[in-house]
K.L.:
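Quick one: the structure is below, and I'll ask about it shortly.
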Amino acid sequence: MNVGIGLPNTVGGTDQDALRDNGGDALVGTDEDALLRWARRAEDGPFASLGVFDRLAYRSTEPLTTLAACAGATDEIGLATSIVAGPIRRTAVLAKEAATIDRLSGGRLVLGLALGARRDDYEVAGVDYDGRGRRFSRQLHELREHWHDDEFGPRPAREGGPQLLVGGDSDPAFQRVARYADGYVHGGGPPRAFEKRADSARAAWAECGRPGEPDLWGHGYYALGEAAAERGREYLLDYYAFTGPFAERIADSLLTTPQEVVQFVRGYADAGCDELLLFPTVAEENQYDRLENVLETERW
(Lines give C-alpha, C1' and ligand atoms only; values in the text may rest on other atoms or scores of the structure.)
Protein backbone atom coordinates (compact mmCIF):
# COMPACT_ATOMS: atom_id res chain seq x y z
CA MET A 1 0.00 0.00 0.00
CA ASN A 2 1.15 3.52 -0.80
CA VAL A 3 0.87 6.31 1.76
CA GLY A 4 0.30 9.93 0.78
CA ILE A 5 0.20 13.08 2.86
CA GLY A 6 -2.45 15.77 2.85
CA LEU A 7 -1.61 19.42 2.49
CA PRO A 8 -3.11 21.63 5.22
CA ASN A 9 -5.02 23.70 2.65
CA THR A 10 -8.13 23.90 4.89
CA VAL A 11 -6.38 24.04 8.26
CA GLY A 12 -4.49 27.27 8.81
CA GLY A 13 -7.48 29.59 8.85
CA THR A 14 -8.89 28.01 11.99
CA ASP A 15 -5.91 28.47 14.26
CA GLN A 16 -3.79 31.38 13.05
CA ASP A 17 -3.91 33.21 16.38
CA ALA A 18 -2.83 30.13 18.30
CA LEU A 19 0.02 29.52 15.89
CA ARG A 20 1.29 33.07 16.18
CA ASP A 21 1.06 32.96 19.97
CA ASN A 22 3.02 29.72 20.05
CA GLY A 23 5.62 30.78 17.51
CA GLY A 24 4.42 28.15 15.05
CA ASP A 25 4.78 28.10 11.30
CA ALA A 26 1.31 28.58 9.80
CA LEU A 27 1.02 26.97 6.40
CA VAL A 28 -2.02 28.93 5.23
CA GLY A 29 -2.28 32.68 5.43
CA THR A 30 1.01 33.79 6.98
CA ASP A 31 3.57 32.13 4.72
CA GLU A 32 2.76 32.09 1.02
CA ASP A 33 5.47 29.54 0.20
CA ALA A 34 4.73 27.11 3.03
CA LEU A 35 2.32 24.85 1.12
CA LEU A 36 4.86 24.54 -1.69
CA ARG A 37 7.64 23.86 0.78
CA TRP A 38 5.51 21.10 2.32
CA ALA A 39 4.98 19.66 -1.20
CA ARG A 40 8.68 19.72 -2.04
CA ARG A 41 9.57 17.97 1.20
CA ALA A 42 6.91 15.32 0.61
CA GLU A 43 8.38 14.49 -2.79
CA ASP A 44 11.76 13.82 -1.19
CA GLY A 45 10.15 11.87 1.65
CA PRO A 46 8.32 8.54 1.95
CA PHE A 47 5.05 9.77 0.43
CA ALA A 48 3.47 8.70 -2.85
CA SER A 49 1.07 11.60 -3.27
CA LEU A 50 -0.15 14.96 -2.03
CA GLY A 51 -3.83 15.31 -1.11
CA VAL A 52 -6.10 18.34 -0.82
CA PHE A 53 -9.58 18.94 0.55
CA ASP A 54 -12.33 21.05 -1.02
CA ARG A 55 -14.47 23.66 0.67
CA LEU A 56 -15.97 26.78 -0.87
CA ALA A 57 -17.61 28.49 2.11
CA TYR A 58 -14.55 28.12 4.33
CA ARG A 59 -11.15 29.63 5.11
CA SER A 60 -9.13 27.50 2.69
CA THR A 61 -7.26 27.46 -0.59
CA GLU A 62 -8.98 26.18 -3.74
CA PRO A 63 -7.88 22.55 -4.27
CA LEU A 64 -7.21 22.40 -8.01
CA THR A 65 -5.34 25.71 -8.00
CA THR A 66 -3.29 24.46 -5.05
CA LEU A 67 -2.38 21.27 -6.90
CA ALA A 68 -1.49 23.25 -10.02
CA ALA A 69 1.02 25.24 -7.98
CA CYS A 70 2.36 22.03 -6.44
CA ALA A 71 2.72 20.49 -9.90
CA GLY A 72 5.13 23.26 -10.82
CA ALA A 73 7.08 22.84 -7.60
CA THR A 74 7.54 19.05 -7.86
CA ASP A 75 8.49 16.46 -10.45
CA GLU A 76 7.15 13.02 -9.54
CA ILE A 77 4.80 12.92 -6.55
CA GLY A 78 1.12 12.23 -7.22
CA LEU A 79 -1.45 15.04 -6.94
CA ALA A 80 -4.82 14.00 -5.53
CA THR A 81 -8.12 15.68 -4.70
CA SER A 82 -9.82 13.87 -1.85
CA ILE A 83 -12.32 15.06 -2.62
CA VAL A 84 -13.67 17.82 -4.89
CA ALA A 85 -17.41 18.44 -4.74
CA GLY A 86 -18.19 17.94 -8.41
CA PRO A 87 -21.74 19.31 -8.75
CA ILE A 88 -20.86 22.79 -7.45
CA ARG A 89 -18.61 23.23 -10.51
CA ARG A 90 -19.44 23.59 -14.19
CA THR A 91 -18.44 20.36 -15.86
CA ALA A 92 -16.60 21.82 -18.86
CA VAL A 93 -14.51 24.09 -16.63
CA LEU A 94 -13.72 21.22 -14.26
CA ALA A 95 -12.72 19.03 -17.22
CA LYS A 96 -10.46 21.77 -18.60
CA GLU A 97 -8.80 22.41 -15.23
CA ALA A 98 -8.20 18.72 -14.56
CA ALA A 99 -6.86 18.05 -18.06
CA THR A 100 -4.51 21.03 -17.78
CA ILE A 101 -3.08 19.92 -14.43
CA ASP A 102 -2.72 16.37 -15.69
CA ARG A 103 -0.97 17.54 -18.86
CA LEU A 104 1.40 19.97 -17.19
CA SER A 105 2.26 17.52 -14.40
CA GLY A 106 3.01 14.62 -16.73
CA GLY A 107 -0.06 12.58 -15.79
CA ARG A 108 0.18 12.86 -12.02
CA LEU A 109 -3.37 13.99 -11.24
CA VAL A 110 -5.80 11.75 -9.37
CA LEU A 111 -9.21 13.42 -9.48
CA GLY A 112 -11.34 12.34 -6.53
CA LEU A 113 -14.93 13.56 -6.82
CA ALA A 114 -18.08 13.24 -4.75
CA LEU A 115 -21.38 14.99 -4.21
CA GLY A 116 -20.30 17.20 -1.34
CA ALA A 117 -22.66 17.25 1.62
CA ARG A 118 -22.40 20.88 2.74
CA ARG A 119 -25.37 23.04 1.79
CA ASP A 120 -23.45 26.26 2.40
CA ASP A 121 -20.97 25.37 -0.37
CA TYR A 122 -23.88 24.91 -2.77
CA GLU A 123 -25.46 28.18 -1.66
CA VAL A 124 -22.25 30.16 -2.19
CA ALA A 125 -21.79 28.53 -5.60
CA GLY A 126 -25.36 29.42 -6.56
CA VAL A 127 -26.14 25.77 -7.33
CA ASP A 128 -29.29 23.92 -6.33
CA TYR A 129 -28.62 21.34 -3.61
CA ASP A 130 -31.57 19.17 -4.61
CA GLY A 131 -31.06 16.91 -7.59
CA ARG A 132 -27.29 16.95 -7.18
CA GLY A 133 -27.08 13.16 -7.51
CA ARG A 134 -28.51 13.14 -11.03
CA ARG A 135 -26.31 16.06 -12.02
CA PHE A 136 -23.24 14.31 -10.63
CA SER A 137 -23.84 11.14 -12.63
CA ARG A 138 -24.25 13.21 -15.78
CA GLN A 139 -21.12 15.16 -14.93
CA LEU A 140 -19.00 12.01 -14.59
CA HIS A 141 -20.13 10.86 -18.03
CA GLU A 142 -19.48 14.26 -19.59
CA LEU A 143 -16.00 14.55 -18.09
CA ARG A 144 -14.92 11.49 -20.06
CA GLU A 145 -16.48 12.92 -23.21
CA HIS A 146 -14.53 16.16 -22.83
CA TRP A 147 -11.25 14.33 -22.23
CA HIS A 148 -11.75 12.30 -25.41
CA ASP A 149 -12.73 15.32 -27.52
CA ASP A 150 -9.81 16.45 -29.68
CA GLU A 151 -11.50 19.82 -30.16
CA PHE A 152 -11.74 20.47 -26.41
CA GLY A 153 -8.14 20.24 -25.25
CA PRO A 154 -5.71 20.01 -23.78
CA ARG A 155 -5.48 16.27 -24.12
CA PRO A 156 -4.67 14.81 -20.70
CA ALA A 157 -1.29 13.15 -20.36
CA ARG A 158 -2.95 9.98 -19.13
CA GLU A 159 -4.86 8.09 -21.83
CA GLY A 160 -8.59 8.47 -21.20
CA GLY A 161 -8.13 11.32 -18.77
CA PRO A 162 -6.82 11.69 -15.22
CA GLN A 163 -7.30 8.79 -12.85
CA LEU A 164 -10.87 9.28 -11.63
CA LEU A 165 -12.06 8.24 -8.17
CA VAL A 166 -15.59 8.59 -6.80
CA GLY A 167 -16.48 8.88 -3.13
CA GLY A 168 -19.61 8.30 -1.06
CA ASP A 169 -21.13 5.51 0.98
CA SER A 170 -24.49 4.89 -0.71
CA ASP A 171 -25.54 2.37 -3.34
CA PRO A 172 -25.71 5.10 -6.02
CA ALA A 173 -22.16 6.11 -5.13
CA PHE A 174 -20.84 2.58 -5.64
CA GLN A 175 -22.76 2.35 -8.93
CA ARG A 176 -21.06 5.55 -10.09
CA VAL A 177 -17.69 4.03 -9.21
CA ALA A 178 -18.47 1.01 -11.37
CA ARG A 179 -19.95 2.92 -14.32
CA TYR A 180 -17.72 5.97 -14.62
CA ALA A 181 -14.59 5.79 -12.46
CA ASP A 182 -11.27 4.04 -12.06
CA GLY A 183 -11.78 3.50 -8.36
CA TYR A 184 -13.28 4.44 -5.02
CA VAL A 185 -12.15 6.94 -2.37
CA HIS A 186 -13.37 6.42 1.18
CA GLY A 187 -14.37 9.38 3.31
CA GLY A 188 -12.46 8.40 6.44
CA GLY A 189 -13.00 6.27 9.51
CA PRO A 190 -11.51 3.10 11.01
CA PRO A 191 -10.13 0.34 8.76
CA ARG A 192 -13.19 -1.87 9.33
CA ALA A 193 -15.44 0.89 7.91
CA PHE A 194 -13.17 1.21 4.89
CA GLU A 195 -13.20 -2.56 4.35
CA LYS A 196 -17.00 -2.66 4.32
CA ARG A 197 -17.25 0.19 1.78
CA ALA A 198 -14.46 -1.31 -0.33
CA ASP A 199 -16.36 -4.59 -0.52
CA SER A 200 -19.43 -2.69 -1.76
CA ALA A 201 -17.35 -0.95 -4.42
CA ARG A 202 -15.88 -4.25 -5.58
CA ALA A 203 -19.32 -5.85 -5.72
CA ALA A 204 -20.73 -3.02 -7.85
CA TRP A 205 -17.66 -3.21 -10.08
CA ALA A 206 -18.18 -6.93 -10.70
CA GLU A 207 -21.93 -6.54 -11.26
CA CYS A 208 -21.19 -3.93 -13.92
CA GLY A 209 -18.88 -6.38 -15.72
CA ARG A 210 -15.74 -4.28 -15.27
CA PRO A 211 -12.48 -6.25 -15.56
CA GLY A 212 -10.06 -6.41 -12.66
CA GLU A 213 -10.83 -4.44 -9.50
CA PRO A 214 -11.30 -0.75 -8.65
CA ASP A 215 -8.46 1.25 -7.17
CA LEU A 216 -9.22 1.79 -3.48
CA TRP A 217 -8.16 4.92 -1.59
CA GLY A 218 -8.73 6.02 1.99
CA HIS A 219 -7.81 8.85 4.32
CA GLY A 220 -7.35 9.66 7.97
CA TYR A 221 -6.51 12.62 10.23
CA TYR A 222 -3.52 13.12 12.49
CA ALA A 223 -2.12 15.62 15.01
CA LEU A 224 1.00 14.21 16.61
CA GLY A 225 2.02 15.40 20.05
CA GLU A 226 0.01 16.34 23.12
CA ALA A 227 0.01 20.06 22.35
CA ALA A 228 -1.21 19.50 18.80
CA ALA A 229 -3.91 16.98 19.68
CA GLU A 230 -6.35 19.44 21.24
CA ARG A 231 -5.93 21.95 18.43
CA GLY A 232 -6.42 19.21 15.87
CA ARG A 233 -9.59 18.15 17.60
CA GLU A 234 -10.87 21.75 17.59
CA TYR A 235 -10.23 21.95 13.86
CA LEU A 236 -12.20 18.77 13.14
CA LEU A 237 -15.11 19.95 15.28
CA ASP A 238 -15.15 23.21 13.31
CA TYR A 239 -14.66 21.64 9.88
CA TYR A 240 -17.39 19.05 10.42
CA ALA A 241 -19.75 21.20 12.48
CA PHE A 242 -22.38 20.79 9.76
CA THR A 243 -22.74 17.10 10.75
CA GLY A 244 -24.00 17.99 14.24
CA PRO A 245 -23.14 15.47 16.99
CA PHE A 246 -21.34 13.23 14.48
CA ALA A 247 -18.48 15.76 14.47
CA GLU A 248 -17.55 14.44 17.92
CA ARG A 249 -17.06 10.95 16.52
CA ILE A 250 -14.84 12.30 13.76
CA ALA A 251 -12.77 14.25 16.28
CA ASP A 252 -12.47 11.16 18.48
CA SER A 253 -10.88 9.29 15.55
CA LEU A 254 -7.93 11.72 15.39
CA LEU A 255 -4.56 9.93 15.38
CA THR A 256 -2.41 11.56 18.05
CA THR A 257 0.45 9.11 18.73
CA PRO A 258 2.93 7.24 16.52
CA GLN A 259 1.42 3.97 17.72
CA GLU A 260 -2.05 5.02 16.58
CA VAL A 261 -0.72 6.04 13.17
CA VAL A 262 1.07 2.71 12.70
CA GLN A 263 -1.98 0.70 13.77
CA PHE A 264 -4.25 2.74 11.50
CA VAL A 265 -2.00 2.38 8.45
CA ARG A 266 -1.52 -1.34 9.01
CA GLY A 267 -5.28 -1.76 9.35
CA TYR A 268 -5.89 -0.08 6.00
CA ALA A 269 -3.16 -2.13 4.34
CA ASP A 270 -4.69 -5.35 5.68
CA ALA A 271 -8.13 -4.20 4.43
CA GLY A 272 -6.86 -3.98 0.85
CA CYS A 273 -6.37 -0.22 0.50
CA ASP A 274 -4.17 0.79 -2.43
CA GLU A 275 -3.33 4.30 -1.22
CA LEU A 276 -3.97 5.99 2.12
CA LEU A 277 -3.82 9.78 2.53
CA LEU A 278 -3.02 11.11 6.01
CA PHE A 279 -4.19 14.69 6.52
CA PRO A 280 -2.73 17.03 9.14
CA THR A 281 -5.16 18.87 11.38
CA VAL A 282 -2.60 21.36 12.68
CA ALA A 283 -0.80 23.63 10.22
CA GLU A 284 2.71 23.46 11.61
CA GLU A 285 5.66 22.11 9.69
CA ASN A 286 6.75 19.94 12.60
CA GLN A 287 3.63 17.87 11.91
CA TYR A 288 5.20 16.90 8.60
CA ASP A 289 8.43 16.02 10.42
CA ARG A 290 6.64 13.86 12.98
CA LEU A 291 4.66 11.88 10.42
CA GLU A 292 7.67 11.35 8.19
CA ASN A 293 9.65 10.02 11.16
CA VAL A 294 6.90 7.51 11.94
CA LEU A 295 6.56 6.24 8.39
CA GLU A 296 10.28 6.02 7.57
CA THR A 297 10.68 3.26 10.14
CA GLU A 298 7.79 1.17 8.77
CA ARG A 299 7.10 -0.83 5.60
CA TRP A 300 3.60 -1.72 4.49
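These numbers come from the heavy atoms of this one structure, side chains and all, not from hydrogens, waters or symmetry mates.
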K.L.:
Are the side chains of Gln139 and Leu94 in contact, using a 4.5 Å heavy-atom criterion?
P.N.:
yes
K.L.:
Quick one: salt bridge (charged side-chain N to carboxylate O under 4.0 Å, His left out) partners of Asp44, sequence neighbours excluded?
P.N.:
none
K.L.:
With Glu248, which residues qualify under salt bridge (charged side-chain N to carboxylate O under 4.0 Å, His left out), at least two apart?
P.N.:
Arg233
K.L.:
Can you give me the closest heavy-atom contact between Val84 and Pro63, atom names plus distance?
P.N.:
CG2-CG, 3.9 Å
K.L.:
Please indicate whether Gln263 has more than 12 foreign heavy atoms, meaning atoms of other residues, nucleotides or ligands, lying under 6.0 Å from its CD.
P.N.:
no
K.L.:
If we only count heavy atoms from C-beta on, is the Cys70 to Leu35 side-chain gap below 4.5 Å?
P.N.:
no
K.L.:
Taking a hydrophobic cluster as the set of Ile, Leu, Val, Met, Phe, Trp and Tyr residues connected by side-chain heavy atoms closer than 4.5 Å, whether directly or through intermediates, do Tyr240 and Val185 fall within one such cluster?
P.N.:
yes
K.L.:
Evaluate the side-chain proximity of Val265 to Val261: yes if any heavy-atom separation is below 4.5 Å, no if none is.
P.N.:
yes
K.L.:
Scan residues 108-130 for pairs that pass ring pair (Phe, Tyr, Trp, His ring centres under 6.0 Å), counting only residues two or more places apart or in two chains.
P.N.:
Tyr122-Tyr129
K.L.:
Using the rule that two of Ile, Leu, Val, Met, Phe, Trp, Tyr join whenever any of their side-chain heavy atoms come within less than 4.5 Å, decide whether Val262 and Leu276 are in one cluster.
P.N.:
yes
K.L.:
State which residues pass side chain to side chain contact (heavy atoms under 4.5 Å, CB included) with Leu104; sequence neighbours excluded, sorted by chain then number.
P.N.:
Thr100
K.L.:
Between Asp252 and Arg249, does at least one N-O distance fall below 4.0 Å, as a salt bridge requires?
P.N.:
no
K.L.:
Tell me which pairs pass salt bridge (charged side-chain N to carboxylate O under 4.0 Å, His left out) where either residue lies in residues 70-97, with sequence neighbours left out.
P.N.:
Asp54-Arg89, Glu62-Arg89
K.L.:
Roughly how far, to the nearest 0.5 Å, is OG of Ser82 from CZ of Phe279?
P.N.:
4.5 Å
K.L.:
Group every Ile, Leu, Val, Met, Phe, Trp and Tyr by side-chain heavy-atom contacts under 4.5 Å, then state whether Leu64 and Val93 land in the same group.
P.N.:
no
K.L.:
With a 6.0 Å cut-off on ring centres, are His219 and Tyr268 close enough?
P.N.:
no
K.L.:
Same cluster for Tyr222 and Met1 if Ile/Leu/Val/Met/Phe/Trp/Tyr side chains link at under 4.5 Å?
P.N.:
yes
K.L.:
Restricting to pairs with a member in residues 147-170, which pass ring pair (Phe, Tyr, Trp, His ring centres under 6.0 Å), not counting sequence neighbours?
P.N.:
His146-Phe152
K.L.:
Find out if a path of hydrophobic residues (ILVMFWY) with successive side-chain heavy-atom gaps under 4.5 Å connects Tyr239 to Leu56.
P.N.:
no
K.L.:
Quick one: pull up CG in Leu109 and CD1 in Ile101 and give me the separation to the nearest 0.5 Å.
P.N.:
5.5 Å
K.L.:
Any side-chain donor-acceptor pair under 3.5 Å between Asp238 and Tyr58?
P.N.:
yes
K.L.:
Got a sec, which pairs hit salt bridge (charged side-chain N to carboxylate O under 4.0 Å, His left out) with one end in residues 121-131, sequence neighbours left out?
P.N.:
Arg55-Asp121
K.L.:
Carefully, step by step, assess Asp33 and Arg40 under the rule side chain to side chain contact (heavy atoms under 4.5 Å, CB included).
P.N.:
CA-CA 11 Å; Asp33 187 52; Arg40 294 186 192 103; 3.6 Å; yes
K.L.:
Identify the residue among Val52, Asn9, Leu7 that makes a side chain to side chain contact (heavy atoms under 4.5 Å, CB included) with Thr61.
P.N.:
Asn9
K.L.:
Output all residues satisfying salt bridge (charged side-chain N to carboxylate O under 4.0 Å, His left out) with Arg138, sequence neighbours left out; order by chain, then residue number.
P.N.:
none
K.L.:
Might you point out which heavy atoms bring Ala283 and Val11 nearest each other, and give the distance in Å?
P.N.:
N-CG1, 3.6 Å
K.L.:
Taking it one step at a time, do Arg202 and Asp199 satisfy salt bridge (charged side-chain N to carboxylate O under 4.0 Å, His left out)?
P.N.:
CA-CA 5 Å; Arg202 292 190 190 101; Asp199 286 343; 2.9 Å; yes
K.L.:
Among side-chain atoms of Tyr235 and Thr10, is any donor-acceptor pair under 3.5 angstrom?
P.N.:
yes
K.L.:
What is the minimum heavy-atom distance between Pro156 and Asp102, and which atoms define it?
P.N.:
CB-OD2, 3.5 Å
K.L.:
Return the minimal non-hydrogen interatomic distance between Val282 and Gln287, and the atom names on each side.
P.N.:
O-CG, 3.7 Å
K.L.:
Output, in order, the C-alpha distance, side-chain angles, deciding distance and verdict of side chain to side chain contact (heavy atoms under 4.5 Å, CB included) for Leu278 and Tyr221.
P.N.:
CA-CA 6 Å; Leu278 296 175; Tyr221 303 103; over 6 Å; no
K.L.:
Does Phe194 form a side chain to side chain contact (heavy atoms under 4.5 Å, CB included) with Cys273? I'd like the steps, not just the answer.
P.N.:
CA-CA 8 Å; Phe194 165 81; Cys273 184; 3.6 Å; yes
K.L.:
Return the orientation label for the His186 and Tyr184 ring planes: parallel under 30°, perpendicular over 60°, tilted otherwise.
P.N.:
tilted
K.L.:
In the structure I gave you, are the side-chain heavy atoms of Glu234 and Glu230 within less than 4.5 Å of one another anywhere?
P.N.:
yes
K.L.:
For Glu292, which residues count as a side chain to side chain contact (heavy atoms under 4.5 Å, CB included) partner, sequence neighbours excluded?
P.N.:
Arg41, Pro46, Phe47, Tyr288, Glu296
K.L.:
Sequence neighbours excluded, which residues qualify as side chain to side chain contact (heavy atoms under 4.5 Å, CB included) partners of Arg210?
P.N.:
Trp205, Cys208
K.L.:
Please evaluate residues Leu140 and Leu164 with respect to the criterion side chain to side chain contact (heavy atoms under 4.5 Å, CB included), reporting the C-alpha separation (whole Å), side-chain torsions for both, the decisive distance (0.1 Å), and the verdict.
P.N.:
CA-CA 9 Å; Leu140 292 169; Leu164 182 60; 4.1 Å; yes
K.L.:
Donor-acceptor pair, Glu43 side chain versus Ile77 backbone, under 3.5 Å?
P.N.:
yes
K.L.:
Are the side chain of Glu260 and the backbone of Thr256 linked by a donor-acceptor contact shorter than 3.5 Å?
P.N.:
yes
K.L.:
Hey, what do you get for CG (Asn2) to CD (Glu275), rounding to the nearest 0.5 Å?
P.N.:
4.5 Å
K.L.:
Side chains of Glu285 and Arg37: does their closest heavy-atom pair fall under 4.5 Å?
P.N.:
yes
K.L.:
Salt bridge check: are Asp149 and Arg144 linked by an N-O gap of less than 4.0 Å?
P.N.:
no
K.L.:
Would you compute the distance between atom CG of Leu224 and atom CG of Leu255 and round it to the nearest 0.5 angstrom?
P.N.:
8.0 Å
K.L.:
Is it true that the side chains of Arg176 and Ser137 contain a donor and an acceptor less than 3.5 Å apart?
P.N.:
yes
K.L.:
Got Phe174 and Arg179 here, is their nearest side-chain heavy-atom distance under 4.5 Å?
P.N.:
no
K.L.:
Taking the side chain as C-beta and beyond, is there a heavy-atom pair between Phe136 and Leu113 under 4.5 Å?
P.N.:
yes
K.L.:
Return the minimal non-hydrogen interatomic distance between Ala201 and Leu216, and the atom names on each side.
P.N.:
CB-CD2, 4.4 Å
K.L.:
Which pairs, with at least one residue in residues 157-174 and sequence neighbours excluded, count as a side chain to side chain donor-acceptor pair (under 3.5 Å)?
P.N.:
Gln163-Asp215
K.L.:
Could you tell me which residues satisfy side chain to side chain contact (heavy atoms under 4.5 Å, CB included) with Ala71, sequence neighbours excluded, listed by chain and number?
P.N.:
Leu79, Ser105, Arg108
K.L.:
Should Phe242 and Asp120 count as side-chain neighbours, where that means a heavy-atom distance under 4.5 Å?
P.N.:
no
K.L.:
Looking only at heavy atoms, what is the nearest atom pair of Val127 and Pro87, with distance?
P.N.:
CG1-O, 3.6 Å
